[in-house]
Amino acid sequence: MDCVKHSPRQISCLFSSLSVITNPNAKLRRFRPQFLLIKAGKTGQLRASVEEAHVPTSKVVTIPYSDLLVPKYPVLRKNLLELSHSLAALPEEAKKDLEDADSRYSFGWSHGKEKLESGQPDKFKGSFYANPIVDVPTIDEGLIKRYLSYCRPNLWPRDTLPELEPAFKDLGRLIFNVGLLLAYHCDKYVSKQSPLNEVHKLEVMLGRSLCHKGRLLHYFPAVQSDRDQNIDGISSWCGWHTDHGSLTGLTCAMYMKDGSPLACPDNTAGLYIRTRSSAVVKAIYGEHDIAYQVGEATEILSKGLFHATPHCVKTPRGDKAHGVERNTFALFMQPNWDEPFSNIDSIGRLHKEIELQLTKSNGSMTFGDYSELVLNKYYGLRY
């Protein structure tokens, strides 16, 4: 299943097609090859784990790692994920008021706006997007018009679901602060391979960025019409993709039926990742864990030392899965819109069509420009 109960306040990392799981009670046999297990100890030892996670081998490493306990995380996760169900249950008119078409639905409520692998609208899940770090990233009208997906203000349901805003911000900011600790050790690893200028360090870049985006996801229960599309496939609830930001912090999913939490009724359902050797493995981490995936921006800016993590979500099957929904939260930690991108080789591996655009622009573009091109793939050309 997607979530398992472990001791509280631990951290996991789905690291460059590998995983770092901090869980003192985990059994090594539970984890597939190319997963890295870290147990209780000191934060300084994370650097060694990052190096091990980068190497595509089939070894499991256990390192003491107790200092990265995350106070209040289990409560903040529970508070927000339960509100995901409440948000999806709002009247359609109330959800319509939360849509921001001008941002290509990158703020507020979005349902059926993204494209599936098949090219069809994605009606399997609804999402609520907001920046948990800052409500108004900029008042510069030129930037707002150029980078609509990042520079517009947040849109909160203050009348219909007022508790959502504080819950969203509290969890998002906590995952962000923990992610900066991980970014510090990513920098340590990269700097051993190639000297890093201070302004190019991932920790520094993310710390000054105003582009971070939280996404509260509600996967609707599968119905018979869904089964005719891709319900038997491993990517039946969310297709294969990589995130275009730097690091993505993830909560373990909360499954619900009729508004009440329950264990996932199908242990094959949940998040899957593809390793560098193209093996497909299920990402198993607990409800008290935070997981981090590497995004495209980290691959590009590290010049390929890290690889973005391809991932998808499989829906539960069977009679017990009828009426079961999935709720989760992702924090996309991203560079600012004006951060320069210039690594053609990594961009070409990720998106051939964007490599052509980069070549036309003399080999340089900003993260904001890169993001707009990526969003064109999922939402269509900007109008």
Side-chain angles (χ1 to χ4, degrees), residues 76-116 120-137 144 147-173 175 211-223 226 237-239 241 243-245 248-251 253-256 259 313 315 325-332 334 371-372 374-380 382-383:
L76 297 182
R77 170 191 169 273
K78 180 176 182 292
N79 290 346
L80 183 60
L81 296 194
E82 288 180 348
L83 289 174
S84 181
H85 170 83
S86 302
L87 178 65
L90 287 176
E92 290 302 317
E93 183 177 346
K95 288 185 286 190
K96 189 73 176 177
D97 289 340
L98 293 172
E99 291 182 349
D100 184 1
D102 288 341
S103 71
R104 296 207 280 192
Y105 303 94
S106 293
F107 286 94
W109 176 252
S110 174
H111 180 216
K113 310 303 180 183
E114 294 181 66
K115 295 178 183 178
L116 295 168
Q120 298 298 311
D122 181 3
K123 295 186 178 180
F124 294 145
K125 60 182 177 292
S127 301
F128 182 84
Y129 294 94
N131 185 333
I133 311 302
V134 58
D135 276 316
V136 183
I144 293 172
Y147 301 121
L148 294 170
S149 301
Y150 295 120
C151 294
R152 290 175 66 81
N154 286 331
L155 187 61
W156 299 107
R158 288 172 175 161
D159 294 328
T160 52
L161 195 64
E163 58 268 43
L164 179 65
E165 179 179 355
F168 194 105
K169 289 180 176 178
D170 287 347
L171 182 60
R173 289 170 179 174
I175 293 175
C211 266
H212 308 298
K213 186 68 65 71
R215 183 183 188 183
L216 182 62
L217 294 114
H218 176 84
Y219 292 79
F220 293 96
V223 296
D226 298 334
W237 237 347
C238 181
H241 67 286
D243 298 334
H244 65 273
T248 302
L250 299 166
T251 66
M254 175 185 288
Y255 291 88
M256 301 181 77
V313 180
T315 186
E325 66 191 48
R326 181 180 188 265
N327 302 289
T328 190
F329 177 76
L331 176 68
F332 303 104
Q334 303 172 138
S371 296
E372 289 296 321
V374 172
L375 290 174
N376 285 344
K377 295 179 62 174
Y378 299 109
Y379 291 94
R382 181 169 157 181
Y383 46 83

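We number each residue from 1, following the sequence as shown.
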Measure the spacing between CD1 of Ile175 and CG of Leu76 and express it to the nearest 0.5 Å. 9.0 Å
For Lys95, enumerate each residue passing the salt bridge (Lys or Arg N to Asp or Glu O under 4.0 Å) test, keeping only those at least two apart in sequence or located in another chain. Glu92
Donor-acceptor pair, distance only, cut-off 3.5 Å: does the side chain of Arg173 make one with the backbone of Pro132? yes
What residues form a ring pair (Phe, Tyr, Trp, His ring centres under 6.0 Å) with His85, not counting sequence neighbours? none
As an exercise, state the distance from CG of Asn327 to CG of Leu87, rounded to the nearest 0.5 Å. 10.0 Å
Kindly compute the distance separating CG (Leu81) from CG (Leu171), expressed to the nearest 0.5 Å. 7.0 Å
Separation of Asp100 CG from Arg152 CZ (nearest 0.5 Å): 4.0 Å
Leu80 side chain reached by Asp170 side chain, heavy atoms, under 4.5 Å: no
Under 3.5 Å, is there a donor-acceptor pair linking the side chains of Asn131 and Asn154? no
Atom of Glu372, atom of Tyr147 and distance for their closest heavy-atom approach: OE2-CA, 4.3 Å
side-chain contact (heavy atoms from CB on, under 4.5 Å) for Leu164 and Leu216? Distances and angles first, verdict last. CA-CA 10 Å; Leu164 179 65; Leu216 182 62; 3.8 Å; yes
Taking Thr248 for its side chain and Phe332 for its backbone only, find out whether a donor-acceptor pair lies under 3.5 Å. no
Below 4.5 Å, heavy atoms only, C-beta onward: do Arg104 and Leu148 meet side chain to side chain? no
Among residues at least two apart in sequence or on other chains, which ones pass salt bridge (Lys or Arg N to Asp or Glu O under 4.0 Å) with Glu165? Arg158, Lys169
side-chain contact (heavy atoms from CB on, under 4.5 Å) assessment of Arg326 paired with Tyr255: CA-CA 5 Å; Arg326 181 180 188 265; Tyr255 291 88; 3.4 Å; yes
Applying side-chain hydrogen bond (donor to acceptor under 3.5 Å, both in side chains), name anything that partners Asn79, two or more places apart in sequence or on another chain. none
Kindly say whether Gln334 contributes a backbone atom to a donor-acceptor pair with the side chain of Lys213 at under 3.5 angstrom? no
Gap between atom CG of Leu155 and atom CG of Asp97 - 0.5 Å precision: 8.5 Å
Within this structure, what is the OH-OG distance for the pair Tyr129 and Ser149, rounded to the nearest 0.5 Å? 10.0 Å
Taking Arg77 for its side chain and Ala253 for its backbone only, find out whether a donor-acceptor pair lies under 3.5 Å. yes
The criterion is ring pair (Phe, Tyr, Trp, His ring centres under 6.0 Å); which residues satisfy it with Phe168, sequence neighbours excluded? Phe128, Trp156, Phe329
Check the pair Thr328 / Leu250 against side-chain contact (heavy atoms from CB on, under 4.5 Å), numbers first and verdict last. CA-CA 8 Å; Thr328 190; Leu250 299 166; 5.7 Å; no
Please list, chain by chain and in numerical order, all residues satisfying salt bridge (Lys or Arg N to Asp or Glu O under 4.0 Å) with Glu99, sequence neighbours excluded. Lys96
Any Tyr150 side-chain heavy atom under 4.5 Å of Pro137 side chain: no
Heavy-atom pair with the smallest gap, counting every atom of Gly172 and Leu331: O-CD2, 3.3 Å
Within the side chain of Ser84, is there an N or O that forms a donor-acceptor pair under 3.5 Å with the backbone of Leu217? yes
